[in-house]
Visitor: 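First, the structure itself, so that you have it in front of you.
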Amino acid sequence: MLNSFGITSAVEGATSPRDIAALQRVAQAGEATLRVGLMWRPEPPAENAAWEAIMRGNGASSGFGDDWLKFAGIKILYDGGMTLKTALMREAYPDSHDGYHGIAQQSPQRLKELVSICNRHNWRVGVHAVGDKGIDHVLDAFEAADKEKSIKDRRFVLIHGSLIVPEQMERAKRLGVRVDLQNVFMWDKAATVERFLGAAVANRAVPTKTLIEKVGLNSLGAGTDFPVNTINPFINIYVMVTRKDLAGRVYGANEAVSREQALRLYTSAASHYMFEENEKGTIEAGKLADLTVLSADLMTVPEEQIKDIKADLTIVGGKIVFQR
């Protein structure tokens with residue numbers, strides 16, 4: 001199904017042991033048509049010693065695997081979502097009568113402890129954080145871990161970061177932290193974000209242009225958070241370029257990016273997520289033969305037609321895996 005959208009590699013954002021085993025069986029049988037980076041998501045036990053035992057495991061850590069299936073890191077949930085009225089925010093929600101700021105899955109101190117233990121055992125960490133206060137706490141945890149053992153070149157990940165602000169981008173840049181962003185949340189949910197958080201916050205949601213300026217293109221990657229949103233990359237690219245939702249309303253026009261930037265966020269920039277920029281992300285000699293042929297030229301079609309582009313042919317490892 002992902003191949004039918006021209007997708008040749010994906011990061012699976014919260015993978016259970018059962019799913020890891022299933023993907024491994026497919027790869028071992030020679031039947032894989034998609035390269036997968038696994039963000040393993042064990043549920044944190046109540047005791048830190050039990051979490052440490054999980055992280056120690058059998059000695060494997062981030063990067064373990066091969067071209068088809070590889071551990072990307074550990075996924076930890078922190079806050080909720082801007083489309084669910086649960087993102088952890090610095091300011092109380094506009095219609096709150098009791099100072100409601102959103103939710104956190106654990107205390108900031110507990111988050112620091114979980115991240116520290118992962119780091120100690122050479123696991124890269126990606127933390128789900130959407131609201132600006134949630135992002136504060138995640139960056140605090142990353143900074144604390146960095147003081148114990150450098151994370152500078154480990155590419156820890158801020159997953160979503162939808163309501164990140166410029167000062168936080170600068171903190172992420174200093175730490176070498178990536179941001180895994182999904183503009184497509186604003187495709188069919190922008191009005192919901194506006195209703196829960198107000199127009200000003202909706203207009204600054206997923207601030208892609210500023211992220212490129214502050215963090216750097218190669219420290220970002222575009223995705224969709226499927227199945228929460230459509231997997232279709234061309235709808236996501238359309239939203240990045242136009243900042244329009246399904247109804248045609250523009251949110252945060254000043255955060256629109258160029259077509260080339262949007263394309264790179266899906267290809268060459270995204271390849272840095274798995275430390276695979278020398279193997280994939282651009283079509284050149286010596287890299288994996290993973291490519292797609294599109295129904296139209298993304299760089300020249302009228303802007304409104306970007307969302308209608310289809311993948312006509314998808315090749316993975318030099319083999320045709322999808323043909324329309």
Visitor: Just checking, is any N or O donor in the side chain of N122 or K149 under 3.5 Å from an acceptor N or O on the other one?
Guide: yes
Visitor: Assess the side chains of T282 and E284: does a donor N or O sit below 3.5 Å from an acceptor N or O?
Guide: yes
Visitor: Got more than 12 heavy atoms from elsewhere within 6.0 Å of NZ, K287?
Guide: yes
Visitor: Here's one to test your reading of the geometry: is the NZ or CZ of R155 within 45 degrees of the ring axis of Y273 and under 6.0 Å from its centre?
Guide: no
Visitor: So which atom in R110 and which in A46 form the shortest heavy-atom distance, rounded to 0.1 Å?
Guide: NH2-O, 3.7 Å
Visitor: Mark yes or no for whether K152, through its side chain, and R174, through its backbone, hold a donor-acceptor pair below 3.5 Å.
Guide: yes
Visitor: Does A72 offer a backbone N or O that forms a donor-acceptor pair with the side chain of R124 under 3.5 Å?
Guide: yes
Visitor: With side chain to side chain contact (heavy atoms under 4.5 Å, CB included) as the test, pick out the partner of P207 among N254, N183, I164, V165.
Guide: I164
Visitor: Indicate yes or no: does D290 engage K319 in a salt bridge with an N to O separation below 4.0 Å.
Guide: no
Visitor: Test salt bridge (Lys or Arg N to Asp or Glu O under 4.0 Å) on R171 and E143; report intermediate values, then the result.
Guide: CA-CA 9 Å; R171 288 180 73 190; E143 285 181 348; 2.9 Å; yes
Visitor: Could you give me the CA-CA distance, side-chain angles and deciding distance for R249 and E194, then say whether salt bridge (Lys or Arg N to Asp or Glu O under 4.0 Å) is met?
Guide: CA-CA 12 Å; R249 181 172 174 184; E194 182 177 7; 2.9 Å; yes
Visitor: Flag yes if more than 12 heavy atoms outside E167 fall under 6.0 Å of its CD atom; otherwise flag no.
Guide: yes
Visitor: Could you tell me if E52 and H121 have a donor-acceptor pair between their side chains, going purely by distance under 3.5 Å?
Guide: yes
Visitor: Run the numbers on R35 and D66 for salt bridge (Lys or Arg N to Asp or Glu O under 4.0 Å), then give the verdict.
Guide: CA-CA 9 Å; R35 305 184 194 276; D66 59 21; over 6 Å; no
Visitor: Are any non-hydrogen side-chain atoms of P42 and M55 less than 4.5 angstrom apart?
Guide: yes
Visitor: Answer with yes or no whether the side chains of D136 and Q168 bring together a donor and an acceptor at under 3.5 Å.
Guide: yes
Visitor: Give a yes-or-no answer on whether the side chains of E213 and T210 include a donor-acceptor pair shorter than 3.5 Å.
Guide: no
Visitor: Just by distance, do the side chain of D312 and the backbone of R324 share a donor-acceptor pair under 3.5 Å?
Guide: no
Visitor: Can you see whether E277 engages S268 through a side-chain donor-acceptor pair at a distance of less than 3.5 angstrom?
Guide: no
Visitor: For the pair D140 and K112, evaluate salt bridge (Lys or Arg N to Asp or Glu O under 4.0 Å) and give the outcome as yes or no after the intermediate values.
Guide: CA-CA 8 Å; D140 288 345; K112 287 181 180 179; 5.4 Å; no
Visitor: What I want to find out is whether E170 reaches K173 closely enough, with some N-O distance under 4.0 Å, to be called a salt bridge.
Guide: no
Visitor: Scan side-chain atoms only and decide if Q182 and D225 contain a donor-acceptor pair under the 3.5 Å cut-off.
Guide: no
Visitor: Does the distance from a Lys or Arg side-chain N to an Asp or Glu carboxylate O, for R259 and D297, drop under 4.0 Å?
Guide: no
Visitor: Could you tell me which non-hydrogen atom of F142 sits nearest to which non-hydrogen atom of L175, and how far apart they are?
Guide: CB-CD1, 4.1 Å
Visitor: Show the numbers, then the answer: is there a side-chain hydrogen bond (donor to acceptor under 3.5 Å, both in side chains) between E304 and Y238?
Guide: CA-CA 8 Å; E304 285 301 314; Y238 171 79; 2.8 Å; yes
Visitor: Decide, yes or no, whether a salt bridge links E276 with K70 under the criterion of side-chain N to carboxylate O below 4.0 Å.
Guide: yes
Visitor: Test your reading of the model: is there a side-chain donor-acceptor pair from T33 to the backbone of V321, 3.5 Å cut-off?
Guide: no
Visitor: Angle between ring planes, Y100 versus Y93, binned at 30° and 60°: parallel, tilted or perpendicular?
Guide: tilted
